[in-house]
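Working notes, structure below.
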2 protein chains.
Amino acid sequence: MNELPQIPEDRIKAASQGLRAIAHELRLSVLCLLLERPMCVHELIEATGAAQSNLSQHLSKMRMLGILENEKRGQEVIYRIANPAFADLVHALKFIYCPEMCVAPKGEG
Amino acid sequence: MNELPQIPEDRIKAASQGLRAIAHELRLSVLCLLLERPMCVHELIEATGAAQSNLSQHLSKMRMLGILENEKRGQEVIYRIANPAFADLVHALKFIYCPEMCVAPKGEG
DNA sequence: TAATTATATTAGCAACATGTAATATTATAT
DNA sequence: ATATAATATTACATGTTGCTAATATAATTA
């Protein structure tokens with residue numbers, strides 16, 4: 001009678017895994033920062049105030065999940081968002097949780 | 001020099017909490033179902049195949065977080081999405097993880 | 001080569017999340 | 001009142017996650 005749209009299990013699994021990957025204060029902060037531009041680890045440390053080892057582990061986790069990618073530049077390692085889907089998601093989140101930061105990006109009237 | 005847009009800590013906290021709330025296969029499935037229409041618990045049980053107690057706990061969690069709301073109707077309890085932000089989020093997810101389910105909602109040509 | 005800087009890895013513990021089983025509650029019907 | 005159906009709650013065992021501290025690696029400089 002009512003045809004509910006069954007979402008395939010593997011999609012649900014992938015989506016919830018993706019969500020879990022960003023559902024963490026520090027990881028989300030990092031993603032918001034990287035939304036602006038790629039950054040090296042110590043910039044991220046400074047901006048977030050996280051402990052080096054801790055941040056490194058979170059970066060590593062996100063890299064393994066394909067969310068971030070990195071590039072070595074001298075002794076620095078520069079991280080950026082690898083998967084545009086996650087950039088979209090984080091943008092959507094900013095719209096929801098920080099609407100005032102999403103209007104009128106620069107200049108005014 | 002570079003003015004990074006600092007996102008307030010409480011927003012990050014709220015957003016990551018919201019994400020955690022839906023970053024679970026069963027909870028996400030439920031949200032996708034409720035995106036279509038409100039449903040009572042045994043419909044959700046049937047549609048998801050979850051154990052009654054288990055589902056009930058997840059519903060309760062989402063209700064306490066303000067994601068869902070419910071209404072008693074006889075001995076049934078009908079759940080619906082209470083917070084439109086979460087409907088938006090789940091929609092965004094569907095676009096990312098199930099694009100083919102998001103085009104041409106009904107009819108064609 | 002030794003010291004320094006930048007980053008990664010490992011180990012271990014504490015906190016939290018999840019599922020199941022059992023039980024409780026509430027409404028309806030007999 | 002009893003039985004049944006629908007849902008909620010509790011307790012507990014297990015698994016997962018996250019943090020810190022310590023250590024390792026790699027590049028740079030002296």
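Reminder, nothing fancy here: chain letters follow the sequence lines and each chain counts from 1.
If you chain together hydrophobic residues whose side chains sit under 4.5 Å apart, A/I78 and A/L34 never meet in one group. Under the 4.5 Å side-chain heavy-atom criterion for ILVMFWY residues, a single connected hydrophobic cluster contains both B/L65 and B/I81. If you chain together hydrophobic residues whose side chains sit under 4.5 Å apart, A/F95 and A/L33 never meet in one group.
Between the CE atom of A/M39 and the P atom of C/dA6 there is a distance of 17 Å, rounded to whole Å. Atoms CG (A/L28) and P (D/dT17) sit 17 Å apart, rounded to a whole Å. Residue B/K61 contributes atom NZ, which lies 12 Å from atom C1' of C/dG19 at whole-angstrom precision. Taking atom CZ of residue B/R73 and atom C1' of nucleotide D/dA5, one finds them 18 Å apart after rounding to whole Å. As rounded to whole Å, 11 Å separates atom P of D/dA6 from atom CD of B/E46. A straight line from CG of A/L55 to C1' of D/dT20 spans 14 Å, rounded to a whole angstrom.
Nearest heavy atom pair, residue A/T48 against residue A/L44, reads OG1-O, 2.7 Å. What you find for B/S16 and B/K13 is that their closest heavy atoms are OG-O, 3.2 Å.
Side-chain nitrogen and oxygen atoms of B/K72 include none within less than 4.0 Å of the OP1 or OP2 phosphate oxygen of D/dA6. Checking the phosphate oxygens (OP1, OP2) of D/dC19, a side-chain nitrogen or oxygen of A/H58 falls inside 4.0 Å.
Each of A/Q57, A/H58, A/Q52 was evaluated against A/N54; a single residue qualifies, A/H58, per the side chain to side chain donor-acceptor pair (under 3.5 Å) test.
Within 4.0 Å of A/R27, counting heavy atoms only, lie sugar-phosphate atoms of the nucleic acid but no base atom.
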Requested in this report: Evaluate side chain to side chain contact (heavy atoms under 4.5 Å, CB included) for A/I67 paired with A/R27, printing each intermediate quantity in order.
Outcome: CA-CA 11 Å; A/I67 298 171; A/R27 289 195 296 272; over 6 Å; no

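Side-chain N or O atoms of B/S29 include one that pairs as donor or acceptor with a backbone N or O of B/E25 at under 3.5 Å.
Partner assigned to C/dT30 is D/dA1, using Watson-Crick or G-U wobble distances below 3.5 angstrom.
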Listing time: all N or O pairs from protein to nucleotides 7-12 of chain C that are below 3.5 Å?
| residue | atom | partner | partner atom | Å |
| --- | --- | --- | --- | --- |
| C/dT7 | OP1 | A/V41 | N | 3.3 |
| C/dT7 | OP1 | A/V77 | N | 3.1 |
| C/dT7 | OP2 | A/H42 | N | 2.8 |
| C/dT7 | OP2 | A/H42 | ND1 | 3.1 |
| C/dA8 | OP1 | A/Y79 | OH | 2.6 |
| C/dA8 | OP2 | A/S56 | OG | 3.3 |
| C/dA8 | N7 | A/Q52 | NE2 | 2.7 |
| C/dA8 | N6 | A/Q52 | OE1 | 3.1 |
| C/dT9 | O4 | A/S53 | OG | 2.8 |
| C/dT10 | O4 | A/Q57 | NE2 | 3.4 |

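A heavy-atom distance below 4.0 Å to DNA chain D is reached by these residues of residues 11-25 of chain A, ordered by number: A/H24.
For the side chain to side chain contact (heavy atoms under 4.5 Å, CB included) test, residues two or more places apart in sequence or in another chain that qualify with A/A82 are A/E69.
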